[in-house]
Protein chains: 2
Amino acid sequence: MLSTACKDAIRAMIYIAKNNKDDFISISEIAKELNLSFYFLSKILQKLVKGELLKSYRGPNGGVKLAKSAEDIRLIDIIEITDGTKFFSECILGLEKCSDNNPCPIHYMWADKRGEIQKMFESTTLKDIVEDINKLQCIKL
Amino acid sequence: MLSTACKDAIRAMIYIAKNNKDDFISISEIAKELNLSFYFLSKILQKLVKGELLKSYRGPNGGVKLAKSAEDIRLIDIIEITDGTKFFSECILGLEKCSDNNPCPIHYMWADKRGEIQKMFESTTLKDIVEDINKLQCIKL
DNA sequence: AATTAAAATGCTTTCCACAGCCTGTAAAGA
DNA sequence: TCTTTACAGGCTGTGGAAAGCATTTTAATT
């Protein structure tokens, strides 16, 4: 459902939010901690920088950090930048002409579930997740 | 979410169920009607034959037809054969160690939605869909 | 028996997400 | 100013899904 790039992006953003301070976190540190390819992660995070969820800084002690408060970054924002929003509008059977006015046989029941998933991603912020991590016992990202 | 092969399989199965009679429907007819590659569709339907959702017959007037009543074929059956069931058990962030006892930060909210989708596919049969098509105005598959 | 229709199957090709590597560029520190 | 650090971004390789092609097998019809 989510691309590998998107999953990695979410994991990285959670890691960054959890360790959010004034200084920058290096991409190589994140890649090591999350067991990801440095090169692949670099490109994903570049997208998030362009999407204004992250700020980056080059040179020694450089890295990335959140561009805004963790409570202002929703999961859907990360998904939109990495995967786009096709998933939340496309027909589950891949029919281009399918829409509310012109439904495929399973359009309505899918539109319902799809909408709930979208709401879930819209209503969850990085702050929520970090708080949950501190409350619950969660596995290492 | 669903692979192209799975989407095609569902569309084909709906078409077959809608036109279900005693005689066999040729794969080339289905491919033409649904605007699919004959070769690709052949391979998908072969899987469904092996999975015992379809019966096939070679030679003149051959083709495929449902192996059982339309009310005994659920969408989840088609999905299991073409894509497997990984989707309904895997962590949305791709973490192997994630489980109910050992959750990732968004495990529970995802497990909830995922379960609803699974129920949707489990509770929808080809008969339900064909009835809906006859009742509602649906687009061409 | 020969011909023809249609599924079964193996082989090849195409395409894209994923991943890795290398160079360019910005910034800090000596 | 030179060296080092670290993000930016281009280029290339790889695996699996999707798609196309060709041959084989089965069965009906003439």
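Letters go in sequence order (proteins before strands), and every chain restarts at 1.
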Identify whether any heavy atom of Lys50(A) sits under 4.0 Å from a base atom; if not, whether one sits that close to sugar-phosphate; answer base, sugar-phosphate or nothing. sugar-phosphate
Heavy atoms only, 4.0 Å cut-off, all strands: where does Ser42(A) land among base, sugar-phosphate and nothing? nothing
N or O in side chain of [X] less than 4.0 angstrom from [N] OP1/OP2:
| X | N | value |
| --- | --- | --- |
| Ser26(B) | dA6(C) | no |
| Gln46(A) | dC7(D) | no |
| Tyr57(B) | dA28(D) | yes |
| Ser56(B) | dA8(C) | yes |
| Ser3(B) | dA17(D) | no |

For the pair made of [atom1] in [X] and [atom2] in [N], what is the distance, rounded to whole Å?
| X | N | atom1 | atom2 | answer |
| --- | --- | --- | --- | --- |
| Tyr39(B) | dT24(D) | OH | P | 16 Å |
| Lys43(B) | dA18(D) | NZ | P | 12 Å |
| Lys47(B) | dA8(C) | NZ | P | 14 Å |
| Leu45(B) | dA6(C) | CG | P | 15 Å |
| Leu36(A) | dC18(C) | CG | C1' | 12 Å |
| Asp23(A) | dC7(D) | CG | C1' | 16 Å |
| Phe40(A) | dT14(D) | CZ | P | 17 Å |
| Phe38(B) | dA5(C) | CZ | P | 13 Å |

For Lys65(B) and Asp22(B), which heavy atoms make the closest approach, and how far apart are they? NZ-O, 2.8 Å
Would a hydrophobic clustering, with Ile, Leu, Val, Met, Phe, Trp and Tyr connected at side-chain separations under 4.5 Å, put Tyr39(A) with Ile30(A)? yes
With rounding to the nearest 0.5 angstrom, report the CG to CD distance, Asp128(B) to Glu71(B). 9.0 Å
Between Cys6(A) and Asn61(A), the residue closer to the 5' end of DNA chain C by nearest nucleotide is Cys6(A)
When you get a sec, tell me which of dA26(C), dA19(D), dT26(D) is the closest nucleotide to the side chain of Arg58(A)? dA26(C)
Are Val130(B) and Asn20(B) close enough that some pair of their side-chain heavy atoms sits under 4.5 Å apart? no
Do other residues, nucleotides or ligands put more than 12 heavy atoms under 6.0 Å from Lys127(B) NZ? no
